[in-house]
Amino acid sequence: MNVPGAPFGFLPGGTAVLLALLLPLFTTVLIGWFRDRPNLREAATLAGGVTLFCVVLSLFPEVMAGGRPRILLATPLPGIPLVLEVEPLGYLFSLVASFLWIVTSLYSIGYMRGHHEKNQTRFYLFFAVAITATMGVAFSGNLLTLFLFYEALTLSTFPLVTHHQTEEARKAGRVYLGILLGTSVGLLLLGIVWAYALAGTLEFRAGGILQGHIAPGAVPFLLALFVFGVGKAAVMPFHRWLPAAMVAPTPVSALLHAVAVVKAGVFTILKVSLYTFGPELIAETGAGDVLLWVAGATIILASLVAFTKDNLKARLAYSTVSQLSYIVLGALVANRWGIMGGGMHIVMHAFGKITLFFGAGAIMVAAHRTKISQMNGLGRTMPFTFAAFFVGSLSIIGLPPAGGAWSKWYLGMGTLEAGHWGLLFVLMLSSLLSLVYLLEIPLKAFFGRPDQPLEPAGIHEAPLPMLVAMGVTSLVSLALFAYPEPFYRLLALVVGG
């Protein structure tokens with residue numbers, strides 16, 4: 001049902017959608033204007049985040065009532081408009097991304113100042129541009145709109161990945177662009193053109209647009225173009241860009257892993273499986289059967305690689321590679337519980353993983369340590385940081401009382417309903433592996449014997465803005481276990497019940 005402009009929130013729906021796209025861009029103007037006045041620059045960033053979240057929040061009643069706010073941006077090709085439309089899955093993504101922009105901006109203030117980073121104005125400016133692209137991905141009304149904002153997100157985050165301008169950063173940037181643009185132009189765009197040639201439309205429709213337009217034998221090949229073409233989902237072998245990008249400042253790592261980039265990737269796969277192919281077509285043709293095992297292999301192999309990494313951010317990067325394929329798996333089992341689990345994991349992983357990266361940045365700023373082998377006893381001087389890290393770990397592992405327990409429960413139910421007992425074993429084994437490689441870190445910090453005296457003595461935490469951000473995301477991870485209902489209700493609209 002489309003109810004454009006229906007006054008359910010404090011803004012008409014169409015106005016709110018347009019504002020969600022324009023507000024981050026307006027924030028970039030303020031950031032540039034106040035480039036020589038750091039306090040005002042950072043206040044503008046925070047104000048932009050809070051305003052955007054309020055605008056997105058205003059859409060909640062309308063979306064829950066069945067409305068689909070829609071706005072036409074342009075019609076570059078006959079019959080293929082650039083259009084924004086808010087449906088429940090995209091709304092869920094926008095809600096998470098807009099809220100985490102606030103928290104990450106707060107964290108960035110402490111990090112960028114505490115770590116004495118250069119080019120801070122450029123950092124905040126491109127961060128805001130990336131949020132604009134993220135909102136465009138979330139609210140895309142067809143495949144063309146999604147593709148353009150997807151590419152804009154890649155290009156706007158490149159300066160963030162290469163922020164330090166070192167040779168290592170430039171090399172990481174080349175890997176980043178090479179894989180993400182190579183997969184999207186070489187595979188994803190080909191899949192979009194093929195889908196249009198078959199269906200005569202690129203619209204997102206409940207149940208998909210391909211049913212009755214494609215030979216059953218061709219479905220697995222077209223689906224593979226989308227799964228591998230969405231390089232941001234980091235399905236092996238197109239995952240190397242993600243660990244390489246860890247050379248960037250930690251707030252950028254948080255953006256990549258929780259707020260925007262990788263979530264845009266798995267969101268795209270989930271949305272295409274729902275509204276381009278349709279779960280029924282995927283299930284009927286068995287199109288996802290081989291790809292399910294590719295996702296399963298990514299889950300296990302990335303977990304095993306994480307074990308070998310002593311650098312904390314590198315370990316967290318491979319953990320993300322593993323966890324993203326949970327969402328891909330949920331999309332490809334193509335049933336109610338799998339889709340519910342995949343959608344829930346977008347939320348649960350976002351808050352859990354951003355907490356872990358916030359912790360990694362806090363440890364670097366306060367203790368100047370990046371290796372796990374250097375963290376013995378560090379919890380005695382940074383108890384708050386490692387307590388938050390423990391909570392984030394519980395959510396990623398999927399243990400109560402953290403929210404990740406719910407998404408993994410639904411994903412497990414999805415594999416059982418689809419009759420994939422082997423994939424249920426993959427999920428259980430992955431959780432056991434993540435339990436070991438993540439909990440090792442707070443256990444070393446709280447109970448390990450320091451190799452050398454801890455300097456300085458006593459409590460020495462990161463700057464206050466970083467601690468507040470960590471506290472918020474870890475508390476939300478706990479709250480999501482006790483009260484996941486709003487996200488469950490949104491996803492129930494997606495799966496029809």
Side-chain angles (χ1 to χ4, degrees), residues 38-39 42-43 45-46 49 99-117 120 123-124 246 248-255 257-259 310-316 319 350-396 401-402 438-479:
N39 291 339
E42 290 155 8
T45 300
L46 286 171
F99 178 78
L100 287 179
W101 185 28
I102 304 169
V103 182
T104 309
S105 297
L106 179 63
Y107 179 89
S108 298
I109 293 168
Y111 181 93
M112 301 301 280
R113 292 190 178 193
H115 206 236
H116 308 293
E117 291 280 355
Q120 294 186 25
F123 166 85
Y124 288 111
M246 293 305 96
T250 301
V252 177
S253 302
L255 171 74
H257 289 258
V259 183
D310 189 35
N311 181 279
L312 179 54
K313 284 177 68 176
R315 181 172 292 193
L316 296 181
S319 170
F351 284 96
K353 187 52 64 72
I354 204 169
T355 303
L356 298 185
F357 272 103
F358 282 173
I363 295 163
M364 186 167 68
V365 168
H368 308 292
R369 301 188 186 189
T370 59
K371 294 185 177 180
I372 296 164
S373 57
Q374 300 172 332
M375 294 182 187
N376 286 327
L378 201 57
R380 299 168 199 174
T381 62
M382 303 182 69
F384 183 88
T385 295
F386 282 99
F389 194 98
F390 176 73
V391 171
S393 298
L394 290 181
S395 192
I396 298 302
L438 286 178
L439 290 190
E440 175 191 6
I441 298 158
L443 288 176
K444 276 179 175 287
F446 284 118
F447 302 109
R449 178 176 296 178
D451 300 322
Q452 55 189 4
L454 295 172
E455 296 291 344
I459 303 299
H460 184 68
E461 293 276 9
L464 183 61
M466 300 174 72
L467 299 183
V468 172
M470 268 190 294
V472 169
T473 55
S474 56
L475 286 174
V476 172
S477 290
L478 295 173

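- Across all their heavy atoms, L316 and L438 have their closest contact at CD2-CD2, 3.9 Å.
- Under the 4.5 Å side-chain criterion, counting only non-hydrogen atoms from C-beta, S395 is not in contact with K353.
- Checked by atom type and distance alone, the side chain of T381 pairs as donor or acceptor with a backbone atom of L378 at under 3.5 Å.
- Across all their heavy atoms, S474 and V391 have their closest contact at O-CG1, 3.5 Å.
- Under the 4.5 Å side-chain criterion, counting only non-hydrogen atoms from C-beta, F389 is in contact with L356.
- Here the shortest heavy-atom pairing between S319 and I396 reads OG-CG2, 4.0 Å.
- Of all the heavy atoms in F384 and L467, the pair that sits closest is CE2-O, 3.3 Å.
- A side-chain donor-acceptor contact under 3.5 Å links Y107 to the backbone of F358.
- Side chain of Q120 to main chain of M112: a donor-acceptor pair is present (N/O by atom type, distance under 3.5 Å, no hydrogens or angles).
- Here NZ of K444 is found 11.0 Å from CZ of F386. Values are rounded to the nearest 0.5 Å.
- Here R369 contributes atom CZ and L312 contributes atom CG; the two are 13.0 Å apart, rounded to the nearest 0.5 Å.
- Remark: T473 OG1 to L100 CG distance equals 8.0 Å, nearest 0.5 Å.
- Under the 3.5 Å distance criterion, with hydrogens and angles disregarded, no donor-acceptor pair is assigned to the side chains of E42 and S105.
- Residues R113 and P38 form a side-chain contact, since some pair of their non-hydrogen atoms from C-beta on lies under 4.5 Å apart.
- Atom CZ of F390 and atom CD1 of I441 lie 12.5 Å apart (nearest 0.5 Å).
- When all heavy atoms of A367 and M382 are compared, the closest pair comes out as CB-SD, 4.2 Å.
- Between atom CG of residue L106 and atom CE of residue M466 there is a gap of 10.0 Å, rounded to the nearest 0.5 Å.
- Two residues are said to be in side-chain contact when any heavy atoms from C-beta on lie closer than 4.5 Å; F123 and S108 meet this criterion.
- Annotation: the span from T104 atom OG1 to I354 atom CD1 amounts to 3.5 Å, rounded to 0.5 Å.
- A pairwise comparison of heavy atoms in P450 and G377 identifies CG-CA, 4.0 Å as the closest pair.
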TODO: Please test T385 against E461 for side chain to side chain contact (heavy atoms under 4.5 Å, CB included), starting from the C-alpha separation and ending with a verdict.
DONE: CA-CA 7 Å; T385 295; E461 293 276 9; 2.6 Å; yes
